[in-house]
Amino acid sequence: MSNIQVNFNFTGYTLEELLQHTDVTTDVHKELEMEAREDGNFLGWLHLPSTYIKTEEYKKIKESAEKIRKDSDVLLVIGIGGSYLGARAVIEALHPTYFGPTDKKETQVIFVGNNLAPNYINDVINYVADKDFSINVISKSGTTTEPAIAFRIFKEIMYQKYDIKEARERIYVTTDAKKGALKKLADSDKYTTFVIPDNVGGRFSVLTPVGLLPIAVSGVNIDELMNGAIYAEEKYNDSLLQYNDCYQYAVLRNLYYDNGKNMEILATYEPRMHYFAEWWKQLFGESEGKENKGLFPVSVEFTTDLHSLGQYIQEGQRIMFETVLNFAKTETDITIRPDEDNLDNLNYLAGKKLSYVNQKAMEGTVTAHADGGVPNIIINIRELNAKNIGELIYFFEKACATSAKLLEVDPFNQPGVEKYKTNMFKLLKKPGYEDK
């Protein structure tokens, strides 16, 4: 039984209206399956969960993660975009907000190479100075500016801290199977390596070694994560729109877009989902933002942002809709106690759970926004655990590919990203870019 259900009651559309688009989603389903069987397409993620979990490399991930957990206080994950967002999303969703000392030694996962800010890099350098650490550098080519700079910096520190043999045993490389600067270096220095599949793009790569090694090092049960994705792979392989919430969500997004909505807000009432929203924004933003098309993906954390962006959402331009992640069950809870003076007038809540109050805030907000002209798609998730996150990741990956196909753009390229790089390299006087 699925632990994820989509509620369309506040969308402004009936199921019958959605089902008018059955033929087109059936065609997209066939197209995705056909392209997944062809070489050169970036659809390797489509059936990856059920196949990858059986491979030797998957076992190697768990073995390497166990080694890192035994010999390292910190794992530095060096990557940018899809090379770090998915792992960070899962790790932060499935761990307490603040890590403190525990009876069981845990390896902390810290992400670098995702910016060029010297303060951030120096903070990490100072933090790991008196700690044992390992490095997982993730890059298809090894020449992407941000992670390449970070790897150069921390590799030097690694070799200063340990002898050559141990330093090399503490560096794990996730890169191309055959080519690239990072692959060449990994072979030369005999680092432990993992393969980024040729047919899986960065923003779809969280369930490959790109995400799985850091996630496993953090202590998350990646078997459970993959089992959730496997369940979703089977569940959302139904070509019939009537039985496929994933395709219904994709259709709704495009209906809103065709009717003047140009912004989708991912809303969550769980702060641990902050980086999941960041991953979601890259997934949809890079996949659909082409040819002057596409919904602009943004995110909010409620109830916090109700006190900043809530006014605009309620009464600003009617250019948006919301997709709400709603967790029915919380890992922990707090009972509100009565107060004799009741100066804050909260005694009417005495005896109620904080999760109950948060839930009613969500229900009230959904109704208010929907009544105010902002439709809401609610994704109900039974609880926040590895299996459900795995299912949710696959749900959004397939919905994204489907939605982009409906929009008639290629979900798997990102030509616009290269423009800033060309300008930056020209300003930095990189050889070969002087006249571009």
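Counting from 1, the numbers follow the sequence of the chain as shown.
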N/O donor-acceptor pair under 3.5 Å between [X] side chain and [Y] backbone:
| X | Y | answer |
| --- | --- | --- |
| S72 | R69 | no |
| K398 | C246 | no |
| R382 | K329 | no |
| S239 | H29 | no |
| N388 | L384 | no |
| K131 | V74 | no |
| N41 | L43 | no |
| T55 | Y58 | yes |
| S188 | K184 | no |
| S205 | G202 | yes |

How about [X] and [Y]: does a side-chain donor come under 3.5 Å of a side-chain acceptor?
| X | Y | result |
| --- | --- | --- |
| N376 | E322 | yes |
| Y162 | D132 | yes |
| E301 | H274 | yes |
| N358 | T303 | no |
| Y52 | E57 | yes |

Just say parallel, tilted or perpendicular for the rings of W280 and F396, cut-offs at 30° and 60°. perpendicular
Does some side-chain heavy atom of [Y] sit less than 4.5 Å from a side-chain heavy atom of [X]?
| X | Y | answer |
| --- | --- | --- |
| S64 | L213 | yes |
| Y356 | D333 | no |
| I61 | F194 | yes |
| F302 | V324 | no |
| I377 | F321 | yes |
| R170 | D71 | yes |
| Y159 | I164 | yes |
| R88 | V77 | no |

Can you measure from [atom1] ([X]) to [atom2] ([Y]) and round to the nearest 0.5 angstrom?
| X | Y | atom1 | atom2 | answer |
| --- | --- | --- | --- | --- |
| I381 | Q5 | CD1 | CD | 11.0 Å |
| L46 | R37 | CG | CZ | 10.0 Å |
| F395 | I379 | CZ | CD1 | 4.5 Å |
| Q242 | T25 | CD | OG1 | 11.0 Å |
| L185 | T193 | CG | OG1 | 11.5 Å |
| I319 | M263 | CD1 | CE | 4.5 Å |

Heavy-atom neighbours of [X] [atom1] exceed 12 at 6.0 Å:
| X | atom1 | result |
| --- | --- | --- |
| E38 | CD | yes |
| L116 | CG | yes |
| F296 | CZ | no |
| Y243 | OH | no |
| E33 | CD | yes |
| E166 | CD | yes |
| K293 | NZ | yes |
| K30 | NZ | no |

Can you tell whether the side chains of D176 and K183 come within less than 4.0 Å, N to carboxylate O?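 A salt bridge is absent here (no side-chain N lies under 4.0 Å from a carboxylate O).
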Charged N to carboxylate O below 4.0 Å: is that the case for K60 and E63?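 The answer is no: the pair does not qualify as a salt bridge.
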So which of [options] actually passes side chain to side chain contact (heavy atoms under 4.5 Å, CB included) with [X]?
| X | options | answer |
| --- | --- | --- |
| V124 | V112, N119, I153 | V112 |
| I68 | N136, V217, V109 | V217 |
| K140 | D198, V210, L182 | D198 |

Nearest heavy atoms of N326 and N380, plus distance in Å: ND2-OD1, 2.8 Å
Give the minimum heavy-atom separation between A89 and Y275, together with the two atoms involved.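 Shortest heavy-atom separation between A89 and Y275 comes out as CB-O, 3.4 Å.
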Between R272 and T97, is a side chain to side chain contact (heavy atoms under 4.5 Å, CB included) present by the stated rule, with each step listed? CA-CA 6 Å; R272 289 186 187 180; T97 304; 3.9 Å; yes
Could you check L241 against V251 for side chain to side chain contact (heavy atoms under 4.5 Å, CB included), going step by step and ending with a plain yes or no? CA-CA 9 Å; L241 181 60; V251 167; 4.1 Å; yes
Take L325 and E270 through the side chain to side chain contact (heavy atoms under 4.5 Å, CB included) test and state the conclusion after the steps. CA-CA 8 Å; L325 302 181; E270 172 52 71; over 6 Å; no
Full working for salt bridge (charged side-chain N to carboxylate O under 4.0 Å, His left out) between K387 and E391: CA-CA 6 Å; K387 185 175 182 180; E391 183 177 343; over 6 Å; no
Ring centroid separation for Y13 and Y256, is it under 6.0 angstrom?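 Yes, the ring centres sit under 6.0 Å apart.
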Passing candidate, salt bridge (charged side-chain N to carboxylate O under 4.0 Å, His left out) with E288, options R253, K281, K405: R253
